Amino acid sequence: VDVLDANDNAPTFLATSYAGDVPENSSGGTVVTRVLATDPDDGANGTVQYSLVNADGTPSSEFSVDGAGVVSVAAGSLLDREARDVFNLTCVASDIGVGAMSSRVPVVITVLDVNDHPPVFYPAVYHCNVLENLAAGATCTTLSATDADLGSNAQVGYRIIGGNAGGSFRVDNVTGDLVTTSPLDAEVRNTYVLTVQASDAAGLLSPGNAVVNVSVLNERDQPPAFLSAA
């Protein structure tokens with residue numbers, strides 16, 4: 001007597017959920033994680049195939065899964081962490097027997113940051129006034145540049161690259177505060193046009209520099225003087 005197998009078992013995943021991470025901009029075929037389901041039935045009834053779907057039930061276009069359960073970046077997919085950093089997917093395991101049975105498990109994929117954005121100044125032009133004769137360290141203004149990346153990739157530093165006659169100013173590399181290095185004299189020079197550059201920790205430079213227009217305000221520190229008679 002031959003006992004024929006009936007398709008009475010659904011595939012069963014070995015874990016209740018799966019997770020993986022992948023750097024943004026990874027090429028198609030980059031492996032993210034692996035899922036695994038087994039089915040005790042025989043033949044086609046026990047042969048398992050996988051698919052990945054979004055929360056709305058549509059097939060995932062960013063990731064694919066092969067017959068061995070290997071989840072990878074789909075061909076042609078462009079992962080951008082700044083646009084989307086987490087994918088909450090569902091993996092469906094189905095047998096291929098008559099009256100196919102299936103089971104589901106959540107798969108969470110996190111897209112990791114890559115340093116692919118330079119810092120950007122906003123605003124790009126600054127205007128400030130500073131009194132002459134103030135002690136060194138007087139704050140003129142604070143520059144600000146932001147970086148869309150994360151962590152150390154988003155740490156911005158600043159430096160003056162032009163217009164700093166006599167080294168009269170310095171910019172704090174961390175805070176962006178622009179301060180004087182010595183008392184200024186409006187009678188010697190009353191305007192400065194500084195160019196400031198921003199960069200991130202990996203050295204990516206801002207695509208545009210900031211311009212700081214500094215006006216040195218006169219203080220009544222000069223006595224009147226008679227012009228010599230003709």
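Remember, predicted model here, so these are calculated numbers, not experimental data.
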> What's the verdict on side-chain contact (heavy atoms from CB on, under 4.5 Å) for Arg159 and Asn173, showing C-alpha distance, side-chain angles and the deciding distance?
Replying inline: CA-CA 7 Å; Arg159 69 188 185 105; Asn173 187 52; 5.7 Å; no
[X] [atom1] to [Y] [atom2] distance, which is reported to the nearest 0.5 Å:
X      : Y      : atom1 : atom2 : result
Ser27  : Leu78  : OG    : CG    : 11.0 Å
Thr141 : Asn129 : OG1   : CG    : 10.5 Å
Leu150 : His117 : CG    : NE2   : 10.5 Å
Asn45  : Met101 : CG    : CE    : 10.0 Å
Thr47  : Asp39  : OG1   : CG    : 8.0 Å
Asp56  : Thr90  : CG    : OG1   : 10.0 Å

How close do [X] and [Y] get, heavy atom to heavy atom, and via which atoms?
X      : Y      : value
Ala74  : Ser61  : CB-O, 3.4 Å
Ala136 : Thr181 : CB-O, 3.3 Å
Ala93  : Pro11  : O-CG, 3.7 Å
Ala186 : Glu132 : N-OE1, 2.8 Å
Asp147 : Asn153 : OD2-O, 3.3 Å
Ala201 : Ser152 : CB-O, 3.3 Å

Please check if [X] and [Y] belong to a single hydrophobic cluster, counting links between Ile, Leu, Val, Met, Phe, Trp and Tyr side chain heavy atoms closer than 4.5 Å.
X      : Y     : value
Val35  : Leu14 : yes
Val105 : Leu36 : yes
Val73  : Leu52 : yes

> Should Glu187 and Asn218 be marked as a side-chain contact (heavy atoms from CB on, under 4.5 Å) after you check the CA-CA gap, both sets of side-chain angles, and the distance that decides it?
Replying inline: CA-CA 8 Å; Glu187 284 73 37; Asn218 187 57; 2.3 Å; yes
Are the side chain of [X] and the backbone of [Y] linked by a donor-acceptor contact shorter than 3.5 Å?
X      : Y      : result
Glu24  : Val114 : yes
Asn164 : Ser168 : yes
Arg84  : Val86  : yes
Asp200 : Gly203 : yes

> After noting the C-alpha distance and the side-chain angles of Asn213 and Val125, does the key distance pass the side-chain contact (heavy atoms from CB on, under 4.5 Å) rule?
Replying inline: CA-CA 8 Å; Asn213 298 285; Val125 179; 3.8 Å; yes
>> Tell me whether the rings of Phe13 and Tyr50 are parallel (<30°), tilted (30 to 60°) or perpendicular (>60°).
In response: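 Tilted: the ring planes of Phe13 and Tyr50 meet at 30° to 60°.
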>> Is a donor from one side chain sitting under 3.5 angstrom from an acceptor on the other, for Asn9 and Asp41?
In response: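 The criterion, which ignores hydrogens and geometry beyond distance, is satisfied for Asp41 and Asn9.
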> Quick one: hydrophobic cluster around Val171, which other residues, with the 4.5 Å side-chain cut-off, linked directly or via members?
Replying inline: Phe121, Tyr126, Val130, Leu131, Leu134, Leu143, Val156, Tyr158, Ile160, Phe169, Leu178, Leu184, Tyr192, Leu194, Val196, Val212, Val214, Val216, Leu217
> Is there a side-chain contact (heavy atoms from CB on, under 4.5 Å) between Val71 and Tyr18 once you walk through the steps?
Replying inline: CA-CA 10 Å; Val71 177; Tyr18 294 87; over 6 Å; no
